[in-house]
There are 2 protein chains.
Amino acid sequence: MARYKKKERQELLLEKVSTDPFLTDEKLSEVFEVSIQTIRLDRLELNIPELRERIKHVAREETEKIRSLSLQEVIGEIIDIELNDHALSLFIVEDGHVFQKNKITRGHYLFAQANSLCVAVIDEPLALTKSADIEFTRASKLGDKVISKAVVEKMDGHTAIITVTSRVEQKLVFKGRFEMYYTDETDEGEKNG
Amino acid sequence: MARYKKKERQELLLEKVSTDPFLTDEKLSEVFEVSIQTIRLDRLELNIPELRERIKHVAREETEKIRSLSLQEVIGEIIDIELNDHALSLFIVEDGHVFQKNKITRGHYLFAQANSLCVAVIDEPLALTKSADIEFTRASKLGDKVISKAVVEKMDGHTAIITVTSRVEQKLVFKGRFEMYYTDETDEGEKNG
DNA sequence: ACTGATGTTAGTACCAACTACTAAATGAGG
DNA sequence: CCTCATTTAGTAGTTGGTACTAACATCAGT
């Protein structure tokens, strides 16, 4: 076994550790067929924290993600809003949002952005989507910054009509017409949101 | 400080540890104003693993979640499929899918289930949603098992028409008519998915 | 007030997976 | 062959525990 040279080993080490943070120095020393001390020197030079810190980091990241997701309650970040009138949100297409083979955004994320924006723009305790007419006009891709605009066209009784357009660099990728049901009661059981 | 009684303390301990898994025995012993040994006895009785195991568990859970999410590529689990004809999927409404205040499912998850099912039922390398007409007929709630059925009505050239109905205990919660674009090329840039 | 059960605390030895440090062995290049 | 970089070995100390033994505290019932 012509073990790797220092530089090469360190590059591979970085990769190994980032793909599987659960590896002990001992396991790594077996993988690379060097002593534990060498692995430790490598980690020191590369500023790779020890196993426990790596695991803690992963765990922290994820509990934070969960928190921010449940806090967010919206896909995309709202950048401008006038209640019962209009709202804008930004959604950046990330790795989890696309088909792996062609990096095209899955339609339901664009729908989710639009749908969330409709819920947000209505200034009532309960707002649920009753129906929608939607169209995907062009493909958006990984890394795209999608700006979605919701405009409230009509509000009467308990129904609002909202049109949404989503664009990437001015080009329309999605448009829809949403019919929303709303009420000032905080719970209700006949429609969906 | 009239420290808690054993039973009470153990209940609070369970809660504490599950909301914040990052607490050491030492910190916990300070919180409850008992000795470290007492905390350790409590953990032993309640089968609460040690700090490191708890952290590891959180980290593992999350890396698995990420993997299964990217593997899944579908919201809901497909339970029956005949390509280019029909498909069924099951989606169980969990905590992250509902509005916190009233536990009603966010519409875009039901849309996502339907949309994913449409993508899955088409036996071509690329299938993207072109447009959809959807309706949310009743609210579904936390814990509901949503069965979605997609039926391919028509396929010609590069367009398929699929109708989807989603039910909870036979009762219709969602229906939609999806127009899908499909092709045997693996990449394409004019439509959305 | 005495006894026994239950609960709490103290203390020891040991473990994994390290850090930080010193020192020796090995290797490869000029 | 010498030298500098690299690798390995070994020791002491750390964190956050387990596992175990033993002592002490508290209260309940008789």
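Chain A is the first sequence line, chain B the second, and so forth, proteins listed ahead of strands; every chain is numbered from 1. Side chains are part of it too, since the values below use all heavy atoms of this structure and drop only hydrogens, waters and symmetry mates.
- Note on A/Arg40: every side-chain N or O is 4.0 Å or more away from OP1 and OP2 of C/dA20.
- Over its full length, the helix from C/dA1-D/dT30 to C/dG30-D/dC1 turns its helical axis through 0°, comparing axes from the five pairs at each end and rounding to 10°.
- Rounded to a whole Å, the CD1 atom of B/Ile39 is 13 Å from the P atom of C/dA10.
- Enclosure of atom CD in B/Glu26 is not indicated, since only 12 or fewer non-hydrogen atoms of other residues, nucleotides or ligands lie within 6.0 angstrom.
- In the set C/dA20, D/dT7, D/dA19, the nucleotide with an atom closest to the side chain of A/Lys6 is D/dT7.
- Within a 6.0 Å radius of CD in A/Glu169, other residues, nucleotides and ligands contribute 12 heavy atoms or fewer.
- We find that NZ of A/Lys7 is positioned 16 Å from P of D/dA5, with the value rounded to whole Å.
- Per the geometry, CG belonging to B/Leu51 stands 14 Å off C1' belonging to C/dA16, to the nearest Å.
- Distance, A/Ile36 CD1 to C/dT19 P: 11 Å, rounded to whole Å.
- Picking from D/dG17, C/dG7, D/dT8 the nucleotide with the shortest atom distance to the side chain of A/Ser35 gives D/dT8.
- One atom, CZ of B/Arg43, and another, C1' of C/dT8, lie 16 Å apart when rounded to the nearest Å.
- Between B/Lys56 and B/Val34, the residue anchored closer to the 5' end of DNA chain C is B/Val34, taking for each the nucleotide with the nearest heavy atom.
- Here the nucleotide nearest the side chain of B/Leu41, chosen from C/dT8, C/dC18, D/dT7, is C/dT8.
- No side-chain heavy atom of A/Ile162 sits less than 4.5 Å from a side-chain heavy atom of A/Val151.
- Within the 4.5 Å cutoff, the side chain of A/Glu179 has heavy atoms near those of the A/Thr159 side chain.
- The phosphate of C/dT9 (OP1 or OP2) has a side-chain N or O of B/Thr38 nearer than 4.0 angstrom.
- A donor N or O paired with an acceptor N or O is found under 3.5 Å between the base of C/dG11 and the side-chain atoms of B/Gln37.
- Among A/Glu77, A/Lys149, A/Gln113, the single residue meeting the side chain to side chain donor-acceptor pair (under 3.5 Å) criterion with A/Ser89 is A/Gln113.
- With rounding to whole Å, B/Phe32 atom CZ is found 18 Å from C/dT9 atom C1'.
- Under a cutoff of 6.0 Å and an axis angle of 45°, B/Arg106 and B/Phe99 form a cation-pi pair.
- A donor-acceptor contact shorter than 3.5 Å is absent between the side chain of A/Ser140 and the backbone of A/Thr105.
- Distances were taken from every side-chain heavy atom of A/Asp25 (C-beta onward) to each of C/dC18, D/dT18, C/dT8; the shortest belongs to C/dC18.
- As a whole-Å value, the separation of A/Tyr4 OH from C/dG27 P is 20 Å.
- The A/Arg9 side chain lies nearest to D/dT7 when the options are C/dC18, C/dT8, D/dT7.
- Side-chain atoms of B/Arg52 stay outside donor-acceptor range of the base of C/dA17, with no qualifying N/O pair under 3.5 Å.
- With salt bridges taken as basic N to acidic carboxylate O contacts below 4.0 Å, none links B/Lys27 and B/Glu30.
- One interatomic measurement links the two molecules: CD of A/Glu26 to P of D/dT8, which rounds to 15 Å at whole-angstrom precision.
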